[in-house]
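So you know, we letter chains A, B, ... as the sequences are listed, proteins then strands, and number each from 1. All values below come from the heavy atoms of this structure, side chains included, with hydrogens, waters and symmetry mates left out.
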Amino acid sequence: MKIKELAAKLNISPRAIRFYEQKGLISPHKQEHNLYRTFTEKEVWRLQTIISLREAGMTIEDIKAALPQADEEDQEDTEQLQYYLEMQRSIIFSQWLELKQIIETTDTMIDLLKHQPTLPLDGIFLLAEGSKRLRETRKNWSDKWNFDHQAQTHDNNVTNNDREYKDYEKALQLTADWVAPKAGERGLDIGTGTGNLAAKFLDKGISMAGIDQSKEMLKHCGRKHPQMELKLGNFLAIPYLDGQFDFLVTSFALHHISDEQKVLALSEMRRVLKPHGRICITDLMFVNEAHKEQYIADLEQLGKNDDIQMIQNEYYAMSSLLLNWFEENGYITKHRQLNELLTIVYAVPIR
DNA sequence: GTTCTAACA
DNA sequence: TGTTAGCA
């Protein structure tokens with residue numbers, strides 16, 4: 001198939017197709033004599049996906065990073081389709097979140113205007129600040145899409161890094177012990193990475209699903225644990241229908257999302273859980289703000305600037321807030337602090 | 001008539 | 001991405 005025919009089929013301009021090629025999204029074969037591009041069915045499919053993702057608001061760069069490179073595109077079609085759809089869902093979901101936040105900001109403005117007929121300066125500031133933050137959030141999001149390169153070295157990283165991953169093994173084991181899965185139950189591990197936490201459950205013969213932002217991580221995980229059901233996704237867009245799991249675990253992942261997002265993540269977690277589904281969150285967290293300040297102050301004393309950097313680059317949760325949220329939402333909680341930061345929070349709904 | 005590259009909008 | 005030019 002030549003370019004014009006393809007363009008008509010996809011309802012885009014030939015120029016757009018060449019443009020995608022120029023950006024490295026596709027690499028169609030070219031005829032020897034005239035250098036005309038020829039497209040196969042597979043490339044039509046790929047292009048269709050690119051167009052969809054564009055419509056879903058993804059930038060060319062993001063698509064390039066997320067789409068498998070042409071030379072390694074050998075997987076099953078259904079698997080590919082599922083992957084694409086999940087990716088789209090998470091993008092649309094994040095856009096929905098942004099819109100929702102913009103609406104909230106606007107509402108705030110409207111409300112402000114009701115009482116203060118003069119356009120309050122700080123109100124405008126608030127609006128501008130809000131949309132700026134949204135853009136930053138989006139940028140961070142796409143940055144974090146590229147967790148991929150860490151996939152191979154992750155396990156090494158975990159066992160050797162006694163700072164961030166201190167008591168790693170112990171924490172995972174305890175998480176599994178607390179959840180105490182029963183035969184026949186089904187669990188979900190969010191931010192599963194290479195599946196180290198999920199493995200604790202798989203070993204007991206428990207059926208596990210896992211989601212992660214990085215497809216490389218998932219590949220690696222799939223090799224390690226072929227029994228696991230793996231999908232691309234994240235806290236804010238769990239690619240499952242409502243009420244699918246008996247329990248949900250997550251380790252060393254919650255700190256990747258901001259505090260506002262955590263609230264949304266919690267409701268998203270509840271959505272995919274069965275009515276009495278339990279949640280276990282294992283991650284680095286502070287008890288409260290005071291703890292955080294004290295901790296940072298201590299690090300300053302010791303001149304450990306790298307550690308301070310690390311903390312400020314992530315969003316460590318406050319365990320007290322987390323526990324509060326659970327209790328206010330009808331859960332009985334239990335928690336343990338394994339070391340200065342590493343904490344396990346377990347929540348079971350009240351029957 | 002179609003496609004290509006390049007350059008500019 | 002659209003448009004246009006100059007080719008094959």
Could you check how far [atom1] of [X] sits from [atom2] of [N], rounded to whole Å?
X      : N      : atom1 : atom2 : result
Q31(A) : dA8(C) : CD    : C1'   : 14 Å
I17(A) : dT1(C) : CD1   : C1'   : 13 Å
H33(A) : dT3(B) : NE2   : P     : 13 Å
F39(A) : dT2(B) : CZ    : P     : 16 Å
L10(A) : dT1(C) : CG    : P     : 12 Å
Q22(A) : dG2(C) : CD    : C1'   : 13 Å
L35(A) : dC4(B) : CG    : P     : 8 Å
Y20(A) : dG2(C) : OH    : C1'   : 13 Å

Can you figure out which of dG2(C), dT5(B), dT2(B) approaches the side chain of K30(A) most closely?
dT5(B)
Residue R37(A), side-chain heavy atoms: nucleotide from dC4(B), dT1(C), dT3(B) that is nearest:
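My answer, after comparing the listed nucleotides, is dC4(B).
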Option among N234(A), D189(A), T192(A) that satisfies the side chain to side chain contact (heavy atoms under 4.5 Å, CB included) test with D212(A):
T192(A)
With a 3.5 Å cut-off and no angle check, do the side chains of Q31(A) and T38(A) form a donor-acceptor pair?
no
Would [X] and [Y] pass as an ion pair if we require N to O under 4.0 Å?
X       : Y       : value
R46(A)  : E43(A)  : no
E289(A) : K292(A) : no
R186(A) : E229(A) : yes

Atom pairs under 3.5 Å, N or O on each side, protein against nucleotides 6-8 of chain B: can you list them with distances?
none

Quick one: stems involving DNA chain C, counted as three or more successive Watson-Crick or G-U pairs, both distances short of 3.5 Å.
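Paired runs of 3+ in DNA chain C: B:4-9 with C:1-6.
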Assign the ring pair F245(A) / Y240(A) to parallel, tilted or perpendicular, where the plane angle (0 to 90°) is split at 30° and 60°.
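Ring orientation of F245(A) relative to Y240(A): perpendicular.
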Whether [X] contacts [N] is assessed here as follows: a side-chain N or O lying under 4.0 Å from the phosphate OP1 or OP2. Is that the case?
X      : N      : value
R18(A) : dC4(B) : yes
Y36(A) : dA8(C) : no
S13(A) : dT1(C) : no

Relative to Y36(A), does K2(A) satisfy both conditions: NZ or CZ under 6.0 angstrom from the six-membered ring centre, and within 45 degrees of the ring's axis?
no
Would you confirm whether Q337(A), through its side chain, and E340(A), through its main-chain N or O, come within 3.5 Å as a donor-acceptor pair?
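At least one qualifying donor-acceptor pair exists.
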Separation between CD1 of I279(A) and CG of L248(A), rounded to the nearest 0.5 Å:
6.0 Å
